[in-house]
Amino acid sequence: MLGIGEYCELKILRDTEPGLFLGDDEGNEVLLPNRYVPDTFEVGEKLEVFIYLDNEERLVATTDKPFVTKGDFALLRCNQVNKFGAFLDWGLVKELFCPFKEQAFKMKKGGWYLIYCYLDEETNRLVASSKTNRFLDNSELTVSRFDEVDLIVSHPSEIGMNVIVNKKHLGLVYKDDIFKDIQVGDKLKGIVKKIRRDNKLDISLSQIGYRNIEPNAQFILNELKKKNGFLPLHDKSSPETIKEQVQMSKKSFKKAIGSLYKDRQIEIKDDGIYLKP
């Protein structure tokens with residue numbers, strides 16, 4: 001069976017007036033309409049295509065690359081809203097539908113929304129949902145403390161920013177651990193800082209504890225080289241100034257320059273830190 005919302009590598013079976021018919025090893029066939037047919041091809045060769053339903057609810061293939069596939073998250077723009085729901089631009093001719101019941105907040109034309117794409121079993125159509133939390137599960141975690149994880153910024157809270165962890169779990173980055181501008185939909189790397197008793201995940205955007213010293217020290221060294229061997233920062237600089245200039249907490253900064261000073265790579269003076277020749 002050809003999977004709706006998935007990429008498939010299919011063999012060209014025959015060339016017809018409406019386009020190419022493609023097939024898999026199980027005898028399933030699908031049409032690749034003329035608008036997607038490559039300039040040169042041979043019957044018998046294979047093409048990678050995306051499978052979905054066209055505007056007339058027919059199963060078709062396309063060589064266009066959608067911005068999201070089934071079972072994934074993406075930040076998409078709303079093209080229009082009607083009495084049934086919102087229609088999102090996902091890079092294909094037919095827009096991706098998000099019914100009102102799947103909207104965390106009512107979508108508006110021109111707005112950008114983080115969504116999850118899934119196959120609706122009742123209609124057999126791909127649909128979007130901005131209620132992303134319901135597609136995440138922390139009951140059985142697949143991560144451990146200090147693991148490096150892939151993050152998608154989900155939505156802000158009063159104490160920080162919620163993030164999607166490895167496309168499976170929900171995590172939180174606290175405000176005090178955010179040292180650069182991040183926006184909903186951003187894809188980042190992070191570290192599992194703490195796992196709470198209720199399986200809630202605290203996430204850091206940088207390494208933890210002693211693991212943090214080496215990358216932060218290297219970052220400061222790189223900044224010193226860019227700035228002709230001088231940074232107007234020291235252990236008495238304000239947290240705000242440190243955050244603005246090197247995107248880290250004062251505690252992390254002091255650990256990093258302490259490590260560099262111990263290794264005799266920098267000098268610390270009243271006006272800042274200097275790279276040793």
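- A salt bridge links Arg14 with Glu29; the closest basic N to acidic carboxylate O contact falls under 4.0 Å.
- Side-chain contact between Phe84 and Phe100 is absent, with no heavy-atom pair separated by less than 4.5 Å.
- In this structure, Lys189 pairs ionically with Asp150, as a charged nitrogen and a carboxylate oxygen lie closer than 4.0 Å.
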Problem - Leu233 vs Val246, side chain to side chain contact (heavy atoms under 4.5 Å, CB included): CA-CA, chis, key distance, verdict - result: CA-CA 10 Å; Leu233 297 172; Val246 291; 4.0 Å; yes
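- Under 4.0 Å is where a charged nitrogen must lie from a carboxylate oxygen, and between Glu102 and Lys131 no such pair does.
- With hydrogens and angles disregarded, a donor-acceptor distance shorter than 3.5 Å links the side chain of His169 to the backbone of Thr142.
- Transitive grouping of hydrophobic side chains (ILVMFWY, heavy atoms separated by less than 4.5 Å) keeps Phe87 and Met107 in distinct clusters.
- A salt bridge is defined here as a Lys NZ or Arg NE, NH1 or NH2 lying under 4.0 Å from an Asp or Glu carboxylate O, and Glu57 with Lys94 meets this definition.
- A salt bridge does not link Asp24 to Lys11: none of the charged side-chain nitrogens sits closer than 4.0 Å to a carboxylate oxygen.
- In this structure a side-chain-to-backbone donor-acceptor pair under 3.5 Å is present from Ser157 to Gly160.
- A donor-acceptor pair under 3.5 Å is absent between the side-chain atoms of Asn124 and the main chain of Glu121, judged by distance alone.
- Within a 6.0 Å radius of CD in Glu244, no more than 12 heavy atoms belonging to other residues, nucleotides or ligands are found.
- Here the side chains of Leu205 and Leu188 are in contact, with some heavy-atom distance below 4.5 Å.
- The two residues Ser139 and Asn199 have their closest heavy-atom pair at O-ND2, 3.2 Å.
- Hydrophobic clustering (side-chain heavy atoms under 4.5 Å, transitive across Ile, Leu, Val, Met, Phe, Trp, Tyr) groups Val149 together with Met161.
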Practice task
Decide yes or no on side chain to side chain contact (heavy atoms under 4.5 Å, CB included) for Leu88 and Asn79, but give the supporting numbers first.
Solution key: CA-CA 5 Å; Leu88 311 176; Asn79 279 350; over 6 Å; no
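- Between the OH atom of Tyr7 and the OG1 atom of Thr69 there is a distance of 7.0 Å, given to the nearest 0.5 Å.
- Residues Leu221 and Gln265 share a closest heavy-atom pair of CD1-OE1, 3.3 Å.
- Checked for salt-bridge contact, Glu48 and Lys65 meet the test: a charged N lies under 4.0 Å from a carboxylate O.
- Separation of atoms SG (Cys117) and CG (Asp72) is listed at 8.5 Å; rounding is to 0.5 Å.
- The shortest side-chain heavy-atom distance between Asp137 and Leu170 does not fall under the 4.5 Å cut-off.
- A salt bridge does not link Arg77 to Glu95: none of the charged side-chain nitrogens sits closer than 4.0 Å to a carboxylate oxygen.
- Nearest heavy atom pair, residue Asn138 against residue Leu141, reads O-CD2, 3.7 Å.
- Side-chain heavy atoms closer than 4.5 Å link hydrophobic residues (I, L, V, M, F, W, Y) into clusters, and following such links, possibly through other members, connects Leu59 to Val37.
- Cation-pi geometry between Arg134 and Tyr118 is met: the NZ or CZ atom falls under 6.0 Å from the ring centre, inside 45° of the normal.
- To the nearest 0.5 Å, the span separating NZ on Lys106 from SG on Cys78 amounts to 11.0 Å.
- Using a 4.5 Å cut-off between side-chain heavy atoms of Ile, Leu, Val, Met, Phe, Trp and Tyr, with links allowed through other members, Leu92 and Phe67 fall into the same hydrophobic cluster.
- The minimum heavy-atom distance linking Ala86 with Val81 is given by the pair CB-CG2, 4.2 Å.
- In the hydrophobic clustering of ILVMFWY residues, with side-chain heavy atoms under 4.5 Å counting as a link, Phe219 and Ile268 come out together.
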Exercise for the section: Take Thr132 and Ser154 through the side chain to side chain contact (heavy atoms under 4.5 Å, CB included) test and state the conclusion after the steps. Expected result: CA-CA 8 Å; Thr132 54; Ser154 177; 3.8 Å; yes
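- Across every non-hydrogen atom of Ala256 and Ile220, the tightest pair is CB-CD1, 3.6 Å.
- By the 6.0 Å contact criterion, CG on Asp25 is open, its count of non-hydrogen atoms from other residues, nucleotides or ligands being 12 or less.
- Counting non-hydrogen atoms of other residues, nucleotides and ligands closer than 6.0 Å to CG of Asn82 gives a total above 12.
- Using a 4.5 Å heavy-atom cutoff, the side chains of Ile203 and Val192 are in contact.
- Inter-residue side-chain proximity for Cys98 and Val127 is flagged as unmet; no heavy-atom pair is nearer than 4.5 Å.
- Ring-plane geometry between Tyr116 and Phe135 is classed as parallel, the angle between the planes falling under 30 degrees on a 0 to 90 degree scale with a further cut at 60.
- Val68 has its side chain within reach of Leu76: a pair of non-hydrogen atoms, C-beta onward, lies under 4.5 Å apart.
- We find the CG-NZ distance between Leu136 and Lys167 to be 12.0 Å, quoted to the nearest 0.5 Å.
- With contacts defined as side-chain heavy-atom distances shorter than 4.5 Å, the pair Ile266/Tyr274 does not qualify.
- Within a 6.0 Å sphere centred on NZ of Lys250, other residues, nucleotides and ligands contribute more than 12 heavy atoms.
- Put simply, NE2 on His155 and OH on Tyr113 are 15.5 Å apart, with the number rounded to the nearest 0.5 Å.
- Ring-plane geometry between Tyr52 and Trp90 is classed as perpendicular, the angle between the planes exceeding 60 degrees on a 0 to 90 degree scale with a lower cut at 30.
- The distance from the OG atom of Ser130 to the CD1 atom of Ile115 is 9.0 Å, given to the nearest 0.5 Å.
- Remark: Glu42 CD is loosely packed, at most 12 non-hydrogen atoms of other residues, nucleotides or ligands lying under 6.0 Å away.
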Practice task
Kindly indicate, with the supporting measurements, whether the criterion salt bridge (charged side-chain N to carboxylate O under 4.0 Å, His left out) is fulfilled by Glu240 and Lys243.
Solution key: CA-CA 5 Å; Glu240 293 75 22; Lys243 178 180 177 181; over 6 Å; no
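- Counting only distance, with no hydrogens or angles, the side chain of Lys175 and the backbone of Glu158 share a donor-acceptor pair below 3.5 Å.
- The closest side-chain heavy-atom distance from Leu10 to Leu47 is not below 4.5 Å.
- Residue Leu224 comes nearest to Ile273 through the heavy atom pair CD2-O, 3.6 Å, listed as atom of the first residue, atom of the second, then distance.
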Practice task
Apply side chain to side chain contact (heavy atoms under 4.5 Å, CB included) to Tyr36 and Leu32, showing your working.
Solution key: CA-CA 6 Å; Tyr36 306 116; Leu32 178 70; 3.5 Å; yes
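- Checked by atom type and distance alone, the side chain of Asn166 never pairs as donor or acceptor with a backbone atom of Lys168 at under 3.5 Å.
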